[in-house]
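Here the structure is laid out as structure tokens; the discussion comes afterwards.
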Number of protein chains: 2
Amino acid sequence: MAASTSRSQAAADKRRLILDAAVRVFARQGFHACRVSDIADEAGVAYGLVYHYFSSKDEILDTVFLERWSMLLHVIAEVDERPVAAREKLRDIASFIVDSYVHDPDVMKVIIVEVTRAANSFGRTHLAKIREAYDLIARIVAKGQASGELRTDVSPDFAALAFYGTIEQVLTGWIFELLPQTPRDTESAKVQIVDTICDGLDVIGLPSA
Amino acid sequence: MAASTSRSQAAADKRRLILDAAVRVFARQGFHACRVSDIADEAGVAYGLVYHYFSSKDEILDTVFLERWSMLLHVIAEVDERPVAAREKLRDIASFIVDSYVHDPDVMKVIIVEVTRAANSFGRTHLAKIREAYDLIARIVAKGQASGELRTDVSPDFAALAFYGTIEQVLTGWIFELLPQTPRDTESAKVQIVDTICDGLDVIGLPSA
DNA sequence: TCATTCGTTGACTCGTCAGTCAACGATAGC
DNA sequence: GCTATCGTTGACTGACGAGTCAACGAATGA
């Protein structure tokens with residue numbers, strides 16, 4: 001009847017339904033440990049329908065990762081366009097990632113645990129895409145060094161690794177409940193990440209206090 | 001005849017042989033992707049013998065991890081005993097881990113890729129053991145804060161995460177060849193890790209140059 | 001020399017699960 | 001109302017691989 005209930009729209013909704021169910025199942029049981037039937041059950045659809053919308057179990061995870069990672073790359077690139085200090089750019093990126101986790105922990109858990117931190121099995125396919133993020137961050141650092149904001153005795157690549165590594169480690173800490181994650185904690189993490197990294201990168205590091 | 005060729009000694013050697021072969025296979029193919037028969041083939045023994053020395057495929061990885069991680073915990077605790085500056089302690093720990101990788105990349109690759117960074121599947125079992133390392137590092141930071149060497153506006157737990165996270169990210173970069181790893185690179189990484197983290201932790205951060 | 005022990009062998013079993021497929025049924029167009 | 005389309009169903013298959021087990025044989029000790 002209405003356009004919103006047309007054949008193709010309903011199909012798109014079902015696809016989304018399966019995708020969202022898959023995220024919950026992957027987050028709960030892990031990609032390898034779960035069965036495709038678990039995803040179908042979680043979504044409330046028949047087993048076969050999963051294969052109507054996706055060609056394989058892998059493709060579901062691919063889709064989940066690419067959807068979100070593309071968003072991240074887009075945000076990093078956009079932040080770098082802004083005419084602000086390098087430190088502020090890094091703060092915005094850290095904030096975006098932390099907020100992404102707070103807003104939807106399951107998706108971030110799946111991306112980190114099953115792709116980013118699983119470069120051996122699944123991440124291998126996406127290594128290039130993951131690397132793009134490192135490179136964009138390294139570029140921000142390089143610009144900061146060129147403008148004299150950041151010290152030059154740490155390579156941009158290394159700095160990007162330390163920056164992203166710290167963020168990922170913090171999210172991992174939350175995911176596995178090694179670190180408290182009250183709204184207060186998640187908010188202060190944004191500051192601590194940038195403070196810790198930047199006061200080691202600034203030409204003259206001064207404690208913020 | 002000689003004690004070195006006694007029954008029990010020969011058995012211990014075979015066990016070691018299988019363990020070393022498993023490390024190579026895990027590093028090459030990944031824990032999930034390899035078959036137990038691959039390990040047997042690599043070790044040059046019959047399939048069944050693997051199950052004579054280990055009760056399951058999991059137990060092999062357990063053994064590999066625990067052997068090396070216990071060593072790491074021991075070193076961290078020992079370093080903390082030394083009457084030196086916190087920064088020097090962190091430098092020694094970073095050096096030990098980097099040297100471990102340089103000396104035997106396969107073992108470190110397996111531990112990081114299959115256990116440390118796989119907290120969802122396998123690492124879950126070892127979460128407590130992994131956490132011990134964070135806690136020991138956090139204690140070093142806390143002492144450094146108490147003695148006035150390190151700034152106090154970053155929590156020890158957070159600092160430990162940033163420190164270890166940076167190291168792990170660098171090793172991961174080497175493992176997946178995102179980062180150059182000539183002897184010169186690995187040596188300079190030791191310095192860069194500590195510089196990056198500490199000049200953000202020191203009361204007054206000054207570039208080392 | 002014979003018997004016992006135990007390291008060693010590899011073919012086999014058995015459960016699991018990704019992916020297939022034939023059939024069903026609701027909607028849309030005629 | 002009739003037919004074609006296509007979303008939907010779930011039982012089934014085929015491959016794969018962890019773990020078992022019965023039998024073998026080389027040291028050891030009597």
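Chain A is the first sequence line, chain B the second, and so forth, proteins listed ahead of strands; every chain is numbered from 1. Any value given below was found using the heavy atoms of this structure, including those in side chains, with hydrogens, waters and symmetry copies removed.
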Take the protein atom CG of A/Asp41 and the nucleotide atom C1' of D/dG10, then report the distance between them rounded to whole Å. 11 Å
The nucleotide from D/dA18, D/dT9, C/dA18 with an atom nearest the side chain of A/Leu49 is D/dT9
Give one of base, sugar-phosphate or nothing for B/Ser56, where a contact means two heavy atoms less than 4.0 Å apart. sugar-phosphate
Mind calculating the distance between OH (A/Tyr53) and P (D/dT8) to the nearest angstrom? 4 Å
Do the side-chain N or O atoms of B/Lys14 get closer than 4.0 angstrom to the phosphate oxygens (OP1, OP2) of C/dG7? no
Tell me whether the rings of A/His126 and A/Phe65 are parallel (<30°), tilted (30 to 60°) or perpendicular (>60°). tilted
Salt-bridge present (B/Glu42, B/Arg28; N to O < 4.0 Å): yes
Rounding to a whole Å, what distance do you find between B/Arg35:CZ and C/dG10:C1'? 15 Å
Residue pair A/Ser95 / A/Asp92, side-chain donor-acceptor N/O under 3.5 Å: no
When rounded to whole Å, the CD to P distance for the pair A/Glu59 and C/dG19 reads 10 Å
With a 4.0 Å cut-off, would you call A/Arg16 and A/Asp13 a salt bridge? no
Quick one: do A/Asp80 and A/Lys89 make a salt bridge, cutoff under 4.0 Å? yes
To the nearest Å, how far apart are A/Asp13 CG and D/dT8 P? 10 Å
Of all the choices, C/dT9, C/dA11, D/dG10, which nucleotide is nearest to the side chain of B/Tyr47 once you look at every atom? C/dA11
Looking at A/Tyr51, I'd like to know whether one of its side-chain N or O atoms comes within less than 4.0 Å of OP1 or OP2 on C/dG19. yes
May I have the distance from B/Lys57 (atom NZ) to C/dT16 (atom C1'), rounded to whole angstrom? 14 Å
If only side-chain N and O atoms of A/His52 are considered, is one of them under 4.0 Å from the OP1 or OP2 phosphate oxygen of D/dT8? no
When rounded to whole Å, the CZ to C1' distance for the pair A/Phe54 and C/dT20 reads 18 Å
Between D/dG17 atom C1' and B/Gln29 atom CD, what is the distance in whole Å? 13 Å
